[in-house]
Number of protein chains: 4
Amino acid sequence: MATPPPAPHRAKGRPRSAAADRAILDATREALAEVGWGGLSIGQVALRAGVAKTTLYRRWPSKNELVMDAVATQLEELEVTDLGSLRADIEDVVAQFAALLSRPETQAALLALFAEGTRDAQLRKRIRQTIVDPQKRLVRQGRANAQARGELDPDCDEASAAEEIDIIFDTIAGTVEHRMLVSGEPVTPDWISRFTTLLLNPLPGFRA
Amino acid sequence: MATPPPAPHRAKGRPRSAAADRAILDATREALAEVGWGGLSIGQVALRAGVAKTTLYRRWPSKNELVMDAVATQLEELEVTDLGSLRADIEDVVAQFAALLSRPETQAALLALFAEGTRDAQLRKRIRQTIVDPQKRLVRQGRANAQARGELDPDCDEASAAEEIDIIFDTIAGTVEHRMLVSGEPVTPDWISRFTTLLLNPLPGFRA
Amino acid sequence: MATPPPAPHRAKGRPRSAAADRAILDATREALAEVGWGGLSIGQVALRAGVAKTTLYRRWPSKNELVMDAVATQLEELEVTDLGSLRADIEDVVAQFAALLSRPETQAALLALFAEGTRDAQLRKRIRQTIVDPQKRLVRQGRANAQARGELDPDCDEASAAEEIDIIFDTIAGTVEHRMLVSGEPVTPDWISRFTTLLLNPLPGFRA
Amino acid sequence: MATPPPAPHRAKGRPRSAAADRAILDATREALAEVGWGGLSIGQVALRAGVAKTTLYRRWPSKNELVMDAVATQLEELEVTDLGSLRADIEDVVAQFAALLSRPETQAALLALFAEGTRDAQLRKRIRQTIVDPQKRLVRQGRANAQARGELDPDCDEASAAEEIDIIFDTIAGTVEHRMLVSGEPVTPDWISRFTTLLLNPLPGFRA
DNA sequence: CTATAATCGAGACGGTACGTCCGGTCTTAGT
DNA sequence: ACTAAGACCGGACGTACCGTCTCGATTATAG
């Protein structure tokens, strides 16, 4: 899901151009990669997309929301494939996330969005819905697979399972982001292996 | 270190006002807490500090550097106290960091600075020097204490020790930041305990 | 003549709504009176008239022409009635004109149209046809009546008669407009009497 | 007097550039002559003057005021020279006024300003002060000269003298403006002579 | 105790981007 | 062929900050 905004039930008047939507989001990603968050101006995006500023403002109320949607699509690509072991599944998903964070447009946008989110409750909510929650799904999925394989004990308590999912998610996402975007060090297969080891030895209830 | 800024060589004409330095940094923190990074304007800071824009620009070349210095001070407060066990030491330092991140000015500034850092190599370097490295010192210190207590094996290999320090640091810092600023959930003693357990059971070579 | 506008040839599909014409012109006068020429926007007029912008543009190519037609109707009301003396006839027609110029919509529109006319030859022509010439008719009529009454010598020379009509017309129209719209003073019966005297007699106290 | 705005007693900060004032007013007149009132945009004037928009807005709050000042200067040139007879003096001043109104920038601006003035009380006041009153001075001066020469009776009553000045002024100004800008006919020496005759003598052929 | 010089406040300067409003044109679906 | 609705491109608006500049006025040290 990354339909631009709601746009639910319309019928009257000239319909909004789907081509414009696409052009705008593409232009946004392109501009992000070139000039970064700070250098991104609505006017430039509109120009680049061959669209009037009004057309852009009709759809997105601010730079934040626009970049939000422009980046959201990218995050939907992440997937947990069952590779036969929890370790392999984690390493795979971490590698996917790292690959995502090495694209210049994602790099430029992600932290900036999070930073804006600390001040704008509405944006924070949208970030949660569009970026955070879908990724938590990955953790849930990975756990379920591991449980099916017998690598993890089944959940006894629903509430504590949820808390565990949260903590695992914040750890994986936060650590990879910090490594790449703050410390500025590369995420190599070796680093991924070390990090996964840190997580697994042993996760509570994990049986090597 | 949080000497105002450079303040370099000599003293011929009228000396720079130390009061101005203080007023500016205070005004910056104040404004950050109120209007956030995005709403922070140099002109406003100057006005709030009762200082001419010129005076501000003479000291800091940009918003980034200014906020950098305004926030840096706060991070120097973190300290590792030897509480008798590695677990206790980690929990203590995590709690300190969480307390820091709950101040609105830090909250507003930290991710924004990191985001700017992804595009500005020079800033990235300053961030490394002023924010990241001093915190890595905490990890080093904690490890040394644990080794002295016999909780951790002594380092066999210097290089792999460094890598381990990095990974631990990114994990702690990244996870706490993500929990608080992205997921937006509180960091309670219970959460800290769970997170510490995730780290310790067992860190390689750890003997409970 | 104030037929809506062109509305030229024939009738194939759905005929144009006469109600729309009326609604638009009324809305135009209403808006003129409220927000003046500068604040008059086509979109607002359309909205006020409960009509689509398209409908308006199908009939009038521009704000100028629209206001032209909206105001033209009002000017057709002026008439010369034979009151028995040239002085009375002049005073009457001046009073009529002044009454017209005290309506807010005429006030707002007239000078603005004339101003636009200084740059737009086509508009200037339309103004001449719709506003100026019909009023010159008043002068011609008044002269004819006075000649019939024996107050004025009959025309000897057609060309110089035309020049005289022009000069009288510009003097009456220009002076009243200037008094009301530029100097901003009221046109009272007393003022009208003085002005008529100026036209009909030498300057008071003047010794040729 | 057409000092840009008041600018009375300043002392602090960088003083306003007098060169900018001049450049802006020149650019305004230039642009008026080229694109007319309707086509005049603040941005274009600023660009043409080699000045930032802010610089312009700091001095003039709106297009109206700007054009006001740009045109006002021109009107100060008008002067009554004592040519020995009232007729000669009137003809001279009318010719001066007509010459002024044949400059494209004055032509474009004058009626537009008057039109705006019908809706904007503040502007109306400024117009009165800057344009109308100085010109009334011409009438007063001409009358005084004529009285000194014995062509006119001295004022018996101050109030009725003021009224007479007003009526003469509105007649001259209004008629010339209407002739040139509305009727669009040239003001030739012959026309001036006829018009002056109308003022000074009864209507030709009129029998009171 | 007077130069000299760097600072200070204030505020104007040329710019860039903002988000809004209008003008005119177009594309729908419905009359 | 018309209508209402409303999206479309383009361009000007007036505002907010940016970072630089020019002022006159302080406030130090050095001669």
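Only a predicted model underlies this, so the values are computations on that prediction, with no experimental measurement involved. Residue numbers begin at 1 in each chain, while the letters A, B, ... track the order of the sequences.
Phosphate proximity of E:dT31 to C:R14: absent, as no side-chain N or O sits under 4.0 Å from OP1 or OP2. Residue D:T55 places at least one side-chain N or O under 4.0 Å from the OP1 or OP2 atom of E:dG14. A close approach under 4.0 Å does occur between a side-chain nitrogen or oxygen of A:R58 and OP1 or OP2 of F:dC8. Distances shown here put a side-chain N or O of C:R59 below 4.0 Å from the OP1 or OP2 atom of F:dT3.
Distance CG (C:D21) to P (F:dC2): 12 Å, rounded to an integer number of Å. Look at CG on D:N64: it is 14 Å from C1' on F:dC13, rounded to the nearest Å. Put simply, CG on B:L56 is 14 Å from C1' on F:dT20, counting in whole angstrom units. Distance CG (B:L66) to P (F:dG19): 11 Å, rounded to an integer number of Å. Distance CZ (D:R16) to C1' (E:dG11): 9 Å, rounded to an integer number of Å.
Here salt bridge (Lys or Arg N to Asp or Glu O under 4.0 Å) pairs that include residues 109-124 of chain D, with residues two or more places apart or in two chains, number zero.
The side-chain heavy atoms of C:W37 and C:K63, taken from C-beta on, include a pair separated by under 4.5 Å. The shortest distance between side-chain heavy atoms of D:W60 and D:L25 falls below 4.5 Å.
Ion pairing of D:D69 with D:R126 is present here, as a side-chain N (NZ or NE/NH1/NH2) and a carboxylate O approach within less than 4.0 Å.
Side chain of C:T118 to backbone of C:A115: a donor-acceptor contact under 3.5 angstrom is found. Judged by distance alone, the side chain of C:R29 and the main-chain N or O of C:V71 form no donor-acceptor pair under 3.5 Å.
The terminal axes of the helix from E:dC1-F:dG31 to E:dT31-F:dA1, fitted over 5 pairs per end, subtend an angle of 20° to the nearest 10°.
One finds the CD atom of C:E65 at 8.0 Å from the CE atom of C:M68 (value rounded to the nearest 0.5 Å). Atom-to-atom distance recorded for D:K53:NZ and D:L47:CG is 11.0 Å, nearest 0.5 angstrom.
Nearest-nucleotide assignment on DNA chain F puts the 5′-proximal partner with A:G13, out of D:P15 and A:G13.
Contacts between residues 45-52 of chain B and DNA chain E, defined by a heavy-atom separation below 4.0 Å, involve B:G50, B:V51, B:A52, listed by number.
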Anything under 3.5 Å between a protein N or O and an N or O of nucleotides 19-23 of chain E, put it in a table, one pair a line.
| from | atom 1 | to | atom 2 | distance (Å) |
| --- | --- | --- | --- | --- |
| E:dG19 | OP2 | A:Y57 | OH | 2.5 |
| E:dG19 | O5' | A:Y57 | OH | 3.3 |
| E:dG19 | N7 | A:K53 | NZ | 2.9 |
| E:dG19 | O6 | A:K53 | NZ | 2.9 |
| E:dG23 | OP1 | C:I42 | N | 3.1 |
| E:dG23 | OP2 | C:I42 | N | 3.0 |
| E:dG23 | OP2 | C:G43 | N | 3.3 |

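For B:R48, the side-chain contact (heavy atoms from CB on, under 4.5 Å) test picks out B:A27, B:E30, B:A31, B:E34, with sequence neighbours left out. Under the side-chain contact (heavy atoms from CB on, under 4.5 Å) criterion, B:R58 pairs with B:R16, B:T54, B:T55, sequence neighbours left out.
Counting all heavy atoms, side chain and backbone alike, A:L113 lies closest to A:L123 at O-CD2, 4.0 Å.
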